[in-house]
Amino acid sequence: MSQNEICQEEIKKPTLNDIRKPWFRGLKAIMRIFIKRSEFIYLDGEIPAGSVILSNHEGTSAPLAWDLYNDEPIRFWGAHEMNSGLVELYKYQTKVYYHEKKHWNLFLARLFCLLASPLTNLFYKGLNLISIYNDARLKKTFEESMDALNKKQHVVIFPEDSTKGYLPVLESFHKGCVSFLKACLKKGMDVPVVLAYYKKSERKYIIGKAIYASELFKDTNDYDEIAKILCDKCNALASVPLDQNS
């Protein structure tokens with residue numbers, strides 16, 4: 001192999017299939033029969049390798065759109081309960097996800113999750129989620145995320161405050177994503193940051209222009225201020241005239 005071929009091999013960006021197991025790729029093929037295709041609209045061309053992607057959530061719709069209909073090599077952040085086995089997942093889905101975020105009746109949520117949680121547990125195992133925590137274990141989240149970025153994979157974070165549910169206009173971002181970007185800078189990693197917005201009713205994912213972590217911290221170190229800037233940028237994507245970019 002020539003030196004040029006070695007260099008090309010070294011800079012080759014992995015695909016999603018490279019980081020998903022064969023059994024999970026088969027499961028996704030079945031899911032595509034029932035879930036309609038989403039269109040990805042890139043406003044500034046290709047996403048730089050090893051980017052941090054910040055997106056609205058729209059329940060399960062946005063993550064499913066990414067994993068079913070995009071070949072970018074992604075690793076999702078997910079609540080640690082999603083990676084903690086069936087019992088913990090069932091508790092999380094019933095109380096937090098369906099009851100508190102989606103405002104389902106708690107009894108109906110528990111009944112539904114008797115069927116849904118075993119399937120969801122299987123799906124989450126296939127996704128290979130990066131667990132997020134609200135305690136000292138967050139360091140592990142950051143380390144695993146940085147390792148993914150160094151492997152030219154993207155880390156997808158859904159930082160919206162969904163206390164009131166999944167709203168079309170996001171009210172705020174949690175500061176965890178800002179803390180992670182700062183941690184990357186401290187490790188000498190000036191990572192690209194890409195904002196994305198999923199329009200569920202149109203099944204269109206709008207992917208914005210990459211900015212770099214250092215730019216966000218150039219004029220301020222106020223995490224609340226930076227989180228607001230990022231949230232505003234995400235909301236702005238919802239009003240982009242798609243007929244000019246699709």
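- When atom types are taken as modelled, the side chain of H154 and the backbone of S51 share a donor-acceptor pair closer than 3.5 angstrom.
- With hydrogens and angles disregarded, a donor-acceptor distance shorter than 3.5 Å links the side chain of D190 to the backbone of S214.
- Checked by atom type and distance alone, the side chain of R75 never pairs as donor or acceptor with a backbone atom of S145 at under 3.5 Å.
- Of the residues D135, T141, N134, the one that meets the side-chain hydrogen bond (donor to acceptor under 3.5 Å, both in side chains) test with R137 is D135.
- Each side chain to side chain donor-acceptor pair (under 3.5 Å) pair with one or both residues in residues 101-111, not counting sequence neighbours, appears once here: K101-S162.
- Under the 3.5 Å distance criterion, the side-chain polar atoms of N83 are left unmatched by any main-chain donor or acceptor of H80.
- In this view, F173 satisfies the ring-ring contact (aromatic ring centres under 6.0 Å, His included) rule with no residue, not counting sequence neighbours.
- A donor-acceptor contact shorter than 3.5 Å links the side chain of K199 to the backbone of A238.
- With sequence neighbours excluded, the residues forming a salt bridge (charged side-chain N to carboxylate O under 4.0 Å, His left out) with K151 are D147, listed by chain and number.
- The aromatic rings of F142 and W77 lie parallel to each other, with less than 30° between the two planes, well short of the 60° mark.
- In terms of modelled atom types and a separation under 3.5 Å, the side chain of N235 and the main chain of V169 share no donor-acceptor contact.
- Scanning all heavy atoms of the two residues, the minimum distance from K175 to D224 falls at CD-OD1, 3.1 Å.
- For F217, there are no ring-ring contact (aromatic ring centres under 6.0 Å, His included) partners, not counting sequence neighbours.
- Under the rule for a ring-ring contact (aromatic ring centres under 6.0 Å, His included), the partners of F158 that lie at least two apart in sequence or sit in another chain are H57, F76.
- In summary, E100 and K95 engage in a salt bridge, as defined by a charged side-chain N under 4.0 Å from a carboxylate O.
- S239 is linked by a side-chain hydrogen bond (donor to acceptor under 3.5 Å, both in side chains) to nothing, counting only residues two or more places apart in sequence or in another chain.
- At distances below 3.5 Å, at least one donor-acceptor pair connects side-chain atoms of T94 with backbone N or O atoms of K91.
- Under the side-chain hydrogen bond (donor to acceptor under 3.5 Å, both in side chains) rule, S38 has a single partner from W66, Y69, Y198, Y205, which is Y198.
- Under a 3.5 Å cut-off, the side chain of R25 and the backbone N or O of N17 do form a donor-acceptor pair.
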